[in-house]
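What follows is a short report on a single structure.
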Amino acid sequence: MRIVCAMSGGVDSSVAAALLHEAGHEVIGVHMKLHESSGSEAGHCCGLDDALDARRVADRLKIPFYVMDLQTAFREAVMNDLVSQYAAGMTPNPCVQCNGVLKFHVLLRRAMSLGAEAIATGHYARTEDGRLFAAADKDKDQSYFLHPVSAEALRKSRFPLGGMTKPEVREHARRFGLVTAEKPESMEVCFIPDDDHARFVREALPELDGAGEIVDEAGKVLGRHDGYFRYTLGQRRGLGLGGGPWFVVAIDAATRRVVVGGEDRLLAHEVEVRGANWFQPAAALRGRELLARVRHRGALAPCTLTADDTHPGHARVRLSAPLRAVTPGQSLVVYDGDEVVFGGLVRRASSAAAPA
Amino acid sequence: MMPWFAIPANPSAAHGLGREAAMAVDRARAQVGGLLGWPAAGVVFTSGASESNATVMSRGRWAVTAVEHPSVRLWGAVTLPVDAQGVLSFDALDAAEGVDGVSVMYGNNETGVVQPVQEVIQRARSRGLRVHVDAAQCPGRLDLAELAGADFVTLSSHKIGGPAGVGALCVPRGGDAAPLIRGASQERGWRAGTHNVLGIVGFGAAAEVVAGEPRVSPALRDALEAGLVALGGEVASEGAPRLPQTSCVAFAGVLAPDLVAALDLAGIAASAGSACASGAARPSAVLAAMGFAGSGVRFSLGCGTTEAEVLAVVRAVERCLPALRENG
């Protein structure tokens, strides 16, 4: 089978390509050029070292290799989205957006245009017949980040590492003699290598930079902040307030206010979700006890799930045990055992359960 | 070239091997000068066309056409627009103010379009401007007598079948050397540094071969284009005089880098835009300057290209197009 493997230049996607090649598939390596690297001068190529590592692996495997320039799509779908979500007082996860739009839509289409039947990535997740499952290695599981991927796209996707642990993947990389075998893990968002999201947002949208009030839930002004996009729900440090302990419980972009309260105010019982992706029909899941996760490797909380019939793409998730700091812009993913049955982005969370 | 793979001799050395190397470089200089019918003494060997261009253009203020190679375009103080066929405007050339010289590409690397270079030389010189011509694409394909009167001409080895990584700047009337690389006085002061003997000897041999052969005919290029146009292709600069070996074709709804990849998978080497170091194709500034909306794929024919190969390319494009169009 002709398969396009997205090769970032890291060890995971290198091994994914090598395993598929070993299994007899016609593997085509593609490195997605997504942005100019911050370390290089303007006009120079992005992530040259990573692209070169991917190229070296492809050469080692003797597979064709291409670099696709997806900078325009990435800027529009991921970088601009990140800024506008921060501007709206939310805390986005750009990797989720990149999976949903860039990897499993734009790249998938371009792979199909090269006559491929599927794409492969180095994600730690499993898929079968359009369904999505957590990886065997629960510490590495990345199914949480894949929730926007459609069942149709999953049918054309392969995750060769879904059944492996990281040490096993590195062992394969050594066995194949790949230059990426000992490459360290990158933990940051790829286009913000210093992990300073506030700097990135401020440079993209300077008008956001500006002081505002820190208030309690009754509206009493307790202090000042220097840009609400620097705060995230549940944050305790860096508030500079007396008394407390205070936690960020809401961010109101319209008034530029950061609202603080006691820790108990962070407990969410009900969550409104947008961008809902149903892996099974809503009716089939209605009333069933499922498990919700609101952060990568976060705790699983029992929940029930209801589609919002008046707003397409919206849903309500009721948590029978509350979760702390369910943050607007972050992902809420619902599992039935190992299987991802639903995913979306948090619109808002409320601490008191609304009447049924 | 063969003997020089094994001999690490410096042509500037006084010993016998050094003298042999110096004579080999000297023969190559005559061979390259012979391409233009110009004296060998005016040939300066460089690491390639980009260095040749920079050597000339890093001094003074230059007017450049909008379809120059990036290594020329970046030095332009004034950019001369081109028409929809990619041919420069004489009006803009005559109106260019505040420049010391004009740089114009004889045959374009992306579209193959040929500029009226002799008229450019005459108009520019009548105003006292110096003229630089990037003719890297042209030996064996165009009449190099058209370059008479130019002050500087850039040539490239690998474009005529020689080894990559060597080029020449031809300076028929000499002038003040302005070396980018300073040190000793190799290349009459135009470029310091030990010669790339192996590359230069190969360049000379390629020049001699090209000079002795009939010029490439556009018949196969025309057959290729007829086949691609029948598949819905649009040829850039179709109505202008062009190099006989270069064809830039766009297909509506198809991204050039994807067609290039699909053809590569079929064993056919084509290119799109200009490549950057990571290998990603960038949108072509040349096509943008002519207002050509399509995403152009460049097909280059060699002197050994056959009719059967041209037909195979057309058939391969035909096989690739449905999936490209469906997912474009």
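Side chains included, hydrogens not; waters and symmetry mates left out as well; all remaining heavy atoms used. Quick caveat, the model's predicted, so the values are computed rather than measured.
- Counting all heavy atoms, side chain and backbone alike, B/Ala323 lies closest to A/Gly115 at CB-N, 4.5 Å.
- Rounded to the nearest 0.5 angstrom, A/Arg110 CZ and B/Leu255 CG are separated by 5.0 Å.
- In A/Arg274, the CZ atom is crowded: over 12 heavy atoms of neighbouring residues, nucleotides or ligands sit closer than 6.0 Å.
- Per-residue counts of heavy-atom pairs under 4.5 Å with chain A were compared for B/Ala262, B/Ala261, B/Pro322; the largest is that of B/Ala261.
- Rounded to the nearest 0.5 Å, atoms CG (A/Leu114) and CG (B/Leu324) are 6.5 Å apart.
- Going from atom CZ of A/Arg109 over to atom CG of B/Asp258 covers 11.0 Å, rounded to the nearest 0.5 Å.
- Proximity to chain B is absent for every atom of A/Leu108, based on heavy atoms less than 4.5 angstrom apart.
- Scanning all heavy atoms of the two residues, the minimum distance from A/Pro64 to B/Leu265 falls at CG-CD2, 3.5 Å.
- Within 6.0 Å of the CD atom in A/Glu152, the count of heavy atoms belonging to other residues, nucleotides or ligands does not exceed 12.
- Within residues 14-22 of chain A, no residue has any heavy atom closer than 4.5 Å to a heavy atom of chain B.
- For the residue pair A/Tyr66 and B/Asp264, a side-chain donor N or O sits within less than 3.5 Å of a side-chain acceptor on the partner.
- At most 12 heavy atoms of other shown residues, nucleotides or ligands fall within 6.0 angstrom of atom CD in A/Glu128.
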